[in-house]
Amino acid sequence: MTKDVLIKVSGVQFDVQDEPIELMVPGNYYMKNDKHYVLFEEQPEDNGPVTKNIVKFDETFFEMTKKGGNTSYLRFDKDKKNSTVYQTPAGPIQVDVLTHEFSVKEEEEQIAVKVKYALDINYQFVSECEVDFKVQAR
């Protein structure tokens, strides 16, 4: 895999919004200590502050850290519930994800990660969700 990559992220919250939200941006890829790292930036439509993303994963976990305009952290481990607290203008919210399915498919010029999980906010079930994360050489 090359350093310069194209990242495609597609996510769906079933029963909330069945249409996927998609993002396609350039970024950088590298591997360190048998872990994949993907770095990219998001520019909001309203020209607000840029959000810097760091995605780290291997065959056992997938985590995404966002810093900037939107700051957050999510980690997915198969058959495990992970919790985090988001600071919002309205105050902190508890976010829990229970990962049902997790897969990583590596090819020479592309890596695809699929995560299916249940989303709880403030200890209340919100929806089943799915994220497809693809990294391909440019």
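From a predicted model like this one, the values you see are computed outputs, not experimental measurements.
The side-chain hydrogen bond (donor to acceptor under 3.5 Å, both in side chains) test applied to K8 returns no partner, not counting sequence neighbours. For the side-chain contact (heavy atoms from CB on, under 4.5 Å) test, residues two or more places apart in sequence or in another chain that qualify with Q43 are N47, V50. Every residue was checked against the ring-ring contact (aromatic ring centres under 6.0 Å, His included) condition with Y73, not counting sequence neighbours, and none meets it. For the side-chain hydrogen bond (donor to acceptor under 3.5 Å, both in side chains) test, no residue two or more places apart in sequence or in another chain qualifies with Y117. With sequence neighbours left out, the ring-ring contact (aromatic ring centres under 6.0 Å, His included) criterion links Y86 to no other residue. Residues that satisfy the ring-ring contact (aromatic ring centres under 6.0 Å, His included) test with Y29, not counting sequence neighbours, are H36. Under the salt bridge (Lys or Arg N to Asp or Glu O under 4.0 Å) criterion, E42 pairs with K66, not counting sequence neighbours. Residues satisfying the side-chain contact (heavy atoms from CB on, under 4.5 Å) criterion with Q87, sequence neighbours excluded, are V85, P92. Applying the side-chain contact (heavy atoms from CB on, under 4.5 Å) criterion to D96, with sequence neighbours excluded, gives K81, S83, Q94, D120, Y123.
Using a 4.5 Å cut-off between side-chain heavy atoms of Ile, Leu, Val, Met, Phe, Trp and Tyr, with links allowed through other members, V95 and F76 fall into the same hydrophobic cluster. One hydrophobic cluster, built from ILVMFWY side chains closer than 4.5 Å, holds both V97 and I93.
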Enumerate, atom names and distances included, each donor-acceptor pair closer than 3.5 Å involving a side-chain atom of residues 126-138, sequence neighbours excluded.
residue : atom : partner : partner atom : Å
S127    : OG   : Q13     : NE2          : 3.4
E128    : OE1  : H100    : NE2          : 3.1
E130    : OE2  : K114    : NZ           : 3.1
D132    : OD1  : K114    : NZ           : 3.0
R138    : NE   : V5      : O            : 3.3

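Sorted by first and then second residue, the salt bridge (charged side-chain N to carboxylate O under 4.0 Å, His left out) pairs with a member in residues 25-40 read K35-D58; sequence neighbours excluded.
At a threshold of 4.5 Å between non-hydrogen side-chain atoms, the residues L74 and F62 do not count as touching.
As a member of the Ile/Leu/Val/Met/Phe/Trp/Tyr network built from side-chain separations under 4.5 Å, L6 groups with M24.
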